[in-house]
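Okay, structure first, notes after.
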Number of protein chains: 2
Amino acid sequence: MGKGRVTVIDIAKAAGVSKSTVSLVLQASPLVNESTRTKVNAVMRELGYVYNRGAANLRQANARSKIIGIVVNDLTNSFFAELAVGVDTVVQSAGFVQFLSNTSESIDRQREVIASMREHGVSGLIISPARGTEAIDLKPLVMAGIPVVLVVRNIPGAKVSSLVSDNHAGTFAAVEHLAALGHSRIAFVGGFPDTAVFDERLGGYRDAMSKTGTGFQEELVVSSAPSRAGGVDALARAMAMPEPPTAAVCFNDAVAFGVCDGLRARRIEPGKDFAVVGFDDVIEAKTTVPALTTISVDPQGIGQRAAQMLLKQINAGKPEAESAVSSVRLIVRESCGAAMNKPGRKMA
Amino acid sequence: MGKGRVTVIDIAKAAGVSKSTVSLVLQASPLVNESTRTKVNAVMRELGYVYNRGAANLRQANARSKIIGIVVNDLTNSFFAELAVGVDTVVQSAGFVQFLSNTSESIDRQREVIASMREHGVSGLIISPARGTEAIDLKPLVMAGIPVVLVVRNIPGAKVSSLVSDNHAGTFAAVEHLAALGHSRIAFVGGFPDTAVFDERLGGYRDAMSKTGTGFQEELVVSSAPSRAGGVDALARAMAMPEPPTAAVCFNDAVAFGVCDGLRARRIEPGKDFAVVGFDDVIEAKTTVPALTTISVDPQGIGQRAAQMLLKQINAGKPEAESAVSSVRLIVRESCGAAMNKPGRKMA
DNA sequence: GTTAATAATTGGAACGTTCCAACTTTGTCA
DNA sequence: TGACAAAGTTGGAACGTTCCAATTATTAAC
């Protein structure tokens, strides 16, 4: 039948009105008569009309597209997958659609995908930056007036909004909790030292160690890749010390799972002979055995909140940078040894 | 400075050429002289030009946009997150960008996001359909000539491409392996019975049970939600039988993890006192303790292959539906009790 | 020195929509 | 009856690009 796609002019012809009227119907304008509206709508359905946002967007230079972009540094980490889900739910109900790209921590890739998204005319961007991203990388975006919300990792000097977890408070609370359970040799395990997130989490650990009187000791900081495999590796180094730790505050949940794996391989039962605390509260933390005591940051919630911040900026016209800190809380489960309902527990 | 965005015409003026020439430069046409090309490129960089794909796409009615859409039913499941990563890598290097949306198994949501993607002019769609999706839901897409590749779940009667795992062969191999290890009471655990994937995996189990001589018994099939929590629950029911199983072929890895959790809670050690086999080979399967014996389906690989199928169709013009089955293989690790390097193992 | 071929460049129309200003119709009031 | 307002409707211009046919500049061939 119809060769090309069906356009508003086709609808206009078929309904016996002008294209302008059809356009008004599309925008649900109150100017158009009820009877014509219904007729036009009927014709649209009949001919299988699909709105061409590209064309519309071209005309209205002011109001930008209904697209937001989200770029994350590691989508295979379920933390970021959940974050993306959170973003998706709110942008979807605001009538937006999201471009999602994964950079795998590559700065080059990140630059490419951001450029590509700009070409497609995104209205705003939520970015969890790759390691090593600098303020200058975001410069073009702010110059172009494109709202940006940084999540998870902040970038000093960048004039954009950010939403990060209260990392300092999280590890601080973890240490306090372990100290209250009687531990004094508490290690800080996992993570790459050259990131802001690492510094913040380590800072909370350090301050809490000083405050509880046990004091901060450099040797108890064992860094590694922030992954499950990294956790296994770091634990091995920690247990090789002359006086090994009896508890670990981990950089994130992935590391914590790795630590548990490593402990088991040594016939040490996490939650009984050794206390483990994670960070993130990923979805598996609750159901794994032993259930992981961890710092809850609610990835979906962060995604939702970031999306709301972004939409606010988009609607405001003038992007007003805003920094928010997402509060965290300690979720006590079994891996720290504090569970009440498990028989036969004993701590080292 | 410049109020609106900088356009091809601005570049043309500044470089002292016509807009047509600038357009040719943008398309890397061999028609344009080398010296003018470099000059135009320099001006573009200087003025901070960004290509407007929307406008370009409007003109060329034939060649569609450089956007592909991917819609998945549950992005919080790391299987789908990895699938999305696989898709991303190949579409990215083909110069495309992906819309990603999560339906959370909601048909309504799925309809909405597909409509929205069409409005944005996607060139093609990769869909892991929500439960209950029917061929008729995809009808509008095939009528409009938009290439579609179904992944993971096929839909009978839909005239679109599909890429699914060889579910039957997977569970068949799992049962054969367990039988060779001496098991005869092997349960099939987890999954919702009203899905095609469930039927296929159960079919492989049933056929293998018959073939190995132990025979198929309905009571050994224990269904549940395809999640970790579902696995815990299903195991409880299995162990309550008069003659409990000694091994379990699980619907997927999430269920298998749940089964391990449930076993431990009963002081039964998975991989020693009970054999567990999963399905999917998600990223954690390798590092968890005990490492999970499972059917590898390589989610990233499926994503990549699906993307390639889609791009092929997009480039071919006429979409030629094609059905592919992604082969699977059994990865023997520790949870089935067959590991050679672990001391002190004994099977029930 | 003319012609033909080749290389490089160009102006205008078109894509599908929205916006604006102008227009028609109908109803109200003096 | 005429003036005016309100309610609906409309044609044309514009958005930023690509395509086409036409044009000019350059080189090659006789």
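So you know, we letter chains A, B, ... as the sequences are listed, proteins then strands, and number each from 1.
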Would you tell me if any nitrogen or oxygen in the side chain of A:Thr7 comes within less than 4.0 Å of OP1 or OP2 on C:dT17? yes
Got a salt bridge between B:Arg109 and B:Glu112, using NZ or NE/NH1/NH2 to carboxylate O under 4.0 Å? no
Measure from CZ on A:Arg5 to P on C:dA14 and round the result to the nearest Å. 19 Å
Value in whole Å for how far the C1' atom of D:dA14 lies from CG of A:Leu58: 9 Å
Under the ring pair (Phe, Tyr, Trp, His ring centres under 6.0 Å) rule, what pairs show up with a residue in residues 122-156 of chain B, not counting sequence neighbours? none
Does A:Gln60 place a side-chain N or O at less than 4.0 Å from the phosphate oxygens OP1/OP2 of C:dT17? no
List, with names and distances, any nitrogen or oxygen atoms from the protein found under 3.5 Å away from nitrogen or oxygen atoms belonging to nucleotides 9-11 of chain D.
from, atom 1, to, atom 2, distance (Å)
D:dT9, OP2, A:Asn33, N, 3.1
D:dT9, OP2, A:Thr36, OG1, 3.2
D:dT10, OP2, A:Ser18, N, 2.8
D:dT10, OP2, A:Ser18, OG, 3.3
D:dT10, OP2, A:Thr21, OG1, 2.9
D:dG11, N7, A:Ser20, OG, 3.0
D:dG11, O6, A:Ser20, OG, 2.7

Between atom CZ in A:Arg53 and atom C1' in C:dT18, what is the gap in whole Å? 14 Å
Rounding to the nearest 10°, end axes of the helix from C:dG1-D:dC30 to C:dA30-D:dT1 built from five pairs each make an angle of 50°
Rounding to a whole Å, what distance do you find between B:His120:NE2 and C:dG16:C1'? 15 Å
Partners meeting side-chain hydrogen bond (donor to acceptor under 3.5 Å, both in side chains) with A:Ser165 (sequence neighbours left out): none
B:Phe99: which residues meet the ring pair (Phe, Tyr, Trp, His ring centres under 6.0 Å) condition with it, sequence neighbours left out? A:Phe99, B:His120
Of the nucleotides C:dT18, D:dT18, C:dT17, which has the atom closest to the A:Tyr49 side chain? C:dT17
B:Lys39 NZ to C:dA8 P: how many Å, rounded? 16 Å
Got a sec, which pairs hit ring pair (Phe, Tyr, Trp, His ring centres under 6.0 Å) with one end in residues 14-58 of chain B, sequence neighbours left out? none
Tell me the interatomic distance from B:Gln27, atom CD, to D:dT18, atom C1', rounded to whole angstroms. 6 Å
Distance check needed: C:dT17 C1' versus A:Ile9 CD1, whole Å only. 9 Å
Determine whether any donor atom in the side chain of B:Arg59 lies under 3.5 Å from an acceptor atom in the base of D:dT17, or the reverse, and answer yes or no. no
Contacts of A:Arg305 that satisfy salt bridge (charged side-chain N to carboxylate O under 4.0 Å, His left out) - sequence neighbours left out: none
Round to the nearest Å and state the distance from A:Lys13 atom NZ to C:dT17 atom P. 13 Å
Salt bridge (charged side-chain N to carboxylate O under 4.0 Å, His left out) pairs touching residues 66-82 of chain A, sequence neighbours excluded, are none
Residue pairs fulfilling side-chain hydrogen bond (donor to acceptor under 3.5 Å, both in side chains) with at least one residue in residues 138-153 of chain A, sequence neighbours excluded: A:Glu105-A:Arg153
Answer yes when A:Glu322 and A:Lys312 have at least one side-chain N-carboxylate O distance shorter than 4.0 Å, and no when they do not. yes
